[in-house]
2 protein chains.
Amino acid sequence: MPERQSSRKDAVRNREAVLAAADALFARRESPEDVTMADVAAAAGVGKGTLFRAFGDRAGLLRALYEARLEPIWQAVETGPPPLGPAAPPHDRVPALLDAVLCFKLDNRRLALALEEGGSGSPYRAEHYKRWHSLLRAVLEQIPGLTDSDFTAHALLAATRADLVEHLAGEERVPRKRMRAQLANFVTGVLTSGPLQGLTAEE
Amino acid sequence: MPERQSSRKDAVRNREAVLAAADALFARRESPEDVTMADVAAAAGVGKGTLFRAFGDRAGLLRALYEARLEPIWQAVETGPPPLGPAAPPHDRVPALLDAVLCFKLDNRRLALALEEGGSGSPYRAEHYKRWHSLLRAVLEQIPGLTDSDFTAHALLAATRADLVEHLAGEERVPRKRMRAQLANFVTGVLTSGPLQGLTAEE
DNA sequence: TAGAATCCGGACCCTGGGTCCGATTCAACG
DNA sequence: CGTTGAATCGGACCCAGGGTCCGGATTCTA
């Protein structure tokens with residue numbers, strides 16, 4: 001309910017200011033949980049009341065940031081060219097989708113982390129997760145010989161969880177390239193499993 | 001550092017009382033985050049000071065509970081009979097290990113949830129995670145034709161994350177049996193992927 | 001049983017998300 | 001422009017909950 005656009009220009013100006021400030025803070029600070037709402041408000045030159053009226057709560061702010069960043073990727077996925085776009089054959093599109101998710105999380109580590117683990121309930125209730133999941137599920141369903149596409153979609157997405165990505169990139173210093181390769185390898189492994197692929201590959 | 005055993009009997013009695021009370025509370029309450037430390041202390045008939053001295057902090061308490069529950073499973077894994085024990089061939093052991101993890105999380109949903117998502121840092125720094133991961137990694141390494149066993153171990157374990165399990169079991173009402181089957185299917189899929197399996201299966 | 005070491009427990013502190021309401025700014029209208 | 005009512009601002013305030021402190025009770029040792 002606090003998602004309404006306001007007609008007043010100070011309101012929209014402040015909204016932008018908050019978004020920008022939060023963005024900067026999450027980029028700068030080490031851990032997402034030591035970016036407090038008070039920090040954001042102060043950095044934006046705005047009172048806490050304004051902040052909370054504009055975004056409802058912390059999760060709302062995170063969501064707004066996240067979705068703004070995600071927007072271009074959704075464009076590419078829904079109306080873009082292959083391999084991300086809908087015209088791509090499932091075998092190519094699934095790895096492309098997961099690679100996109102991975103890259104997104106690599107580019108927005110702190111933010112994704114804050115949104116996925118911040119106490120605001122399980123990430124599986126989030127709208128954007130459902131979106132990815134149902135898309136992935138639908139694409140998987142078009143691959144013959146694959147069962148349980150619902151679970152498979154969950155399991156594949158789980159391999160790109162923000163805290164795992166953060167751990168690999170931050171703690172274990174796995175370079176971006178290698179990580180993408182590993183994920184791609186894993187994904188194609190899942191897609192080309194079972195007796196069907198074995199047979200078709202042989203003939 | 002507050003993990004030392006005490007020689008005084010009131011200390012150990014209280015420690016047990018706290019453990020039992022916490023166990024009961026986590027089993028009863030809906031969500032793990034509305035079991036507060038004060039609740040636990042009260043339920044155990046103990047002051048908060050006692051509670052914190054015995055376990056250091058909330059994460060310490062969770063860890064103690066978790067590891068107590070995990071103990072028998074580790075027994076089975078390290079010295080038990082196949083398919084969980086070390087004598088099992090890798091192809092059987094990997095699914096068995098993941099199935100054990102899944103069942104454990106199904107049986108201890110609230111607790112696992114509290115430990116994995118509770119703000120106490122990423123779950124990937126936890127000792128028990130490293131233990132599972134390095135074991136799984138080692139077993140995967142014995143499977144010919146599989147590369148990136150480090151990442152693969154992470155990815156497979158990610159499919160058993162507590163909040164995913166909770167979501168599937170709680171929200172989507174997936175029955176235990178079905179979930180185990182889906183995971184098993186997914187795991188064997190990962191194991192039997194690639195050209196090698198196709199070839200050996202054909203000959 | 002005295003003395004010291006340890007432990008108990010609940011009052012207390014502090015951080016951080018979220019609310020409230022008087023003051024202020026805005027947009028529409030005369 | 002000046003007025004006016006409504007929407008917004010912003011920082012003081014509230015509250016929950018994790019974590020600390022220390023006077024007093026309990027337990028071990030000699």
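Annotation: A:Phe26 is not in aromatic contact with A:Tyr66 [ring centroid separation under 6.0 Å not met].
Side-chain contact annotation: A:Tyr129 with A:His154, donor-acceptor N/O pair under 3.5 Å present.
Counting only heavy atoms from C-beta outward, the side chains of B:Thr152 and A:Phe186 approach each other to under 4.5 Å.
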Step-by-step ring-ring contact (aromatic ring centres under 6.0 Å, His included) determination, B:His128 to B:Phe104: CA-CA 13 Å; B:His128 60 90; B:Phe104 178 76; 8.7 Å; no
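OP1 or OP2 of C:dC8 has at least one side-chain nitrogen or oxygen of B:Asn14 nearer than 4.0 Å. Between B:Thr50 and C:dG9 there is a side-chain polar atom (N or O) within less than 4.0 angstrom of OP1 or OP2.
Applying the side-chain hydrogen bond (donor to acceptor under 3.5 Å, both in side chains) rule to A:Ser31 yields the partners A:Glu33; only residues at least two apart in sequence or on another chain are considered. Legend: residues meeting side-chain hydrogen bond (donor to acceptor under 3.5 Å, both in side chains) with B:Asp163, ordered by chain and number and at least two apart, are A:Arg161.
For the contact set between residues 36-49 of chain B and DNA chain D, defined by any heavy atom under 4.0 Å, the members are B:Thr36, B:Met37, B:Lys48, B:Gly49.
Spacing between atom CZ of A:Arg58 and atom C1' of C:dG18 amounts to 13 Å, rounded to whole angstrom units. Taking atom CG of residue A:Asp57 and atom C1' of nucleotide C:dG17, one finds them 9 Å apart after rounding to whole Å. Distance, A:Lys9 NZ to D:dA7 C1': 15 Å, rounded to whole Å. Between A:Leu25 atom CG and C:dG16 atom P there is a gap of 14 Å when expressed in whole angstrom units. Between A:Arg15 atom CZ and C:dC26 atom P the separation is 19 Å, expressed in whole Å. Spacing between atom CZ of B:Phe52 and atom P of D:dG17 amounts to 12 Å, rounded to whole angstrom units. One interatomic measurement links the two molecules: CG of A:Leu51 to C1' of C:dC20, which rounds to 15 Å at whole-angstrom precision. At whole-Å resolution of the value, CZ in A:Phe55 and P in C:dG18 are 14 Å apart.
No side-chain donor-acceptor contact under 3.5 Å links B:Thr50 to the backbone of B:Val46.
Among residue pairs with one or both ends in residues 74-97 of chain B, those qualifying as salt bridge (Lys or Arg N to Asp or Glu O under 4.0 Å) are B:Glu78-B:Arg131; sequence neighbours excluded.
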Write down the protein N/O and nucleotide N/O pairs, taken from nucleotides 21-25 of chain C, whose separation is under 3.5 Å; answer none if there are no such pairs.
from: C:dT25; atom 1: O2; to: A:Arg8; atom 2: NH1; distance (Å): 3.4
from: C:dT25; atom 1: O2; to: A:Arg8; atom 2: NH2; distance (Å): 3.0

Only distances under 3.5 Å count here; give the side-chain donor-acceptor pairs of residues 36-44 of chain B to other protein atoms, sequence neighbours excluded, each with its distance to 0.1 Å.
from: B:Thr36; atom 1: OG1; to: B:Ala38; atom 2: N; distance (Å): 3.2
from: B:Thr36; atom 1: OG1; to: B:Asp39; atom 2: N; distance (Å): 3.0
from: B:Asp39; atom 1: OD2; to: B:Arg29; atom 2: NH2; distance (Å): 2.9
from: B:Asp39; atom 1: OD2; to: B:Thr36; atom 2: N; distance (Å): 3.3

